[in-house]
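Here is the structure we will look at, set down as structure tokens.
Numbers here are sequence positions counted from 1. Whatever order the structure lists ligands and atoms in, that order sets their numbers, starting from 1.
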Amino acid sequence: MKFKPANSIQDLQYFGEFGGVNPSISDSSTYTFLSAKTMFDTFEGNADGCYLYSRHSSPSNLYLGEALAAMEGTETATVTASGMGAITPVLLQLCQSGDHIISSRTIYGGTYAFLKNFTPRLGIETSFVDITRLDIVEAAINSKTKVIYCESVSNPLLEVADIKSLAALAQKYDLQLVVDNTFSPLSISPAKLGANVVIHSLTKFINGSSDTVGGVVCGTQTFIDQLRNVNDGACMLLGATMDSLRASSILKNLRTLHIRMKTHSHNAMFLAKRFQEDGLKTVYPGLVTHPSHEIFTKMMNTEYGYGGMLTIDVGSIDNANALMELMQKQNLGYLAVSLGFYKTLFSAPGSSTSSEIPEEEQKEMGLSNGLIRFSIGLDNDIERTYQQMKACMKQLHLLPENQYF
Ligand SMILES: *Cc1c(COP(=O)(O)O)cnc(C)c1O
């Protein structure tokens, strides 16, 4: 039977201490033990269901983690203080000095900076490759390689990873396939396609209200236990712990994720089609012209669509800035980084979220200066939004028809 991620989330029921319809928030950093022996066993990792200290786990964090594990179809999950607080411990848990990582070259700027500038200090080297070229990925594997790292839909160029084929490659060479699924929650279920570890920045679509940062690692019980191990677990020791109050608030927002994703996708598809018809260089995985349209279609849980992210290229950074400022003035969205908000957000990745990537490399990967990344909002009347955005483009002479006539 086809995997239904939103059903899996909804089938979980948690009640509060007094029969509340939401679970009680655990307002404690530490927990009492009825016997000293149980405390000792818990430190040894042997006391199932006992809480020790909230950096290790807390009831609120476990509820949220279990809901996200249900969404991704993994055995379990652990939540973290941020998306980077999920990505960095996973890579440090899987790799040690002398090891090698193969990463997509189009990834979140923070992840890129971590792999490019930080992990080499620990003796961990990374090859950045075009993840859509399986032959290139395979050629980059060597005897030290431990991990293949990618985003299901990449930031900011919206390249789509063929997760099934990458998982087969990982299995063939005994590597771990780690997938950041932040851009495509519900739409793509990487673990179901063979990924070993699935990561999200909860800051984006999953929380959806731009009021917090958060992250999650979804994987096997064995791997999540390793991350939380008191003696050598990277999550436990690096300390990027989510606060219980936040966990409970993100869990409540997760309840509406399926409705939001459908609307984000519907609105993004609508705008992408119109922008393309207007002659703008538009990138959206839902367009048949997208180089990975077929791969996305094959992987996706159809009802959630192709996601809320699209890009257009308006030729230069000056054009991009002028258009973004005008659209913001017309209340069509905000000039801001991040994604997944009810309001449309736009930014020019070359000068913002991907600025960690040197200009030379930006050029090589096709990240042009005039690129605008949109996280399309939950606008009720997307036709009206389109007309207003088109008026902005006309005013600035950015539509091809203006340039010719
Ligand atoms: C934002 C983002 C991250 C980092 O998440 P934070 O919550 O900001 O730490 C990682 N990956 C992707 C794809 C992102 O968009």
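- No side-chain N or O of Asp379 forms a donor-acceptor pair with one of Asn267 less than 3.5 Å apart.
- Salt bridge Asp99/Lys146: present, at least one basic N to carboxylate O contact under 4.0 Å.
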- [ ] Evaluate the criterion ring pair (Phe, Tyr, Trp, His ring centres under 6.0 Å) for residue pair Tyr112 and Phe128; output intermediate values, then yes/no.
- [x] CA-CA 9 Å; Tyr112 180 85; Phe128 295 96; 4.7 Å; yes
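- A salt bridge does not link Glu125 with Lys144: every distance from a Lys NZ or Arg NE/NH1/NH2 to an Asp or Glu carboxylate oxygen is 4.0 Å or more.
- When all heavy atoms of Phe341 and His264 are compared, the pair lying nearest together is O-CE1, 3.3 Å.
- A salt bridge is defined here as a Lys NZ or Arg NE, NH1 or NH2 lying under 4.0 Å from an Asp or Glu carboxylate O, and Glu383 with Arg274 meets this definition.
- Annotation: ligand 1 has protein neighbours Ser82, Gly83, Met84, Ile87, Tyr108, Glu151, Asp180, Thr182, Phe183, Ser201, Thr203, Lys204, Gly214, each with a heavy atom less than 4.0 angstrom from the ligand.
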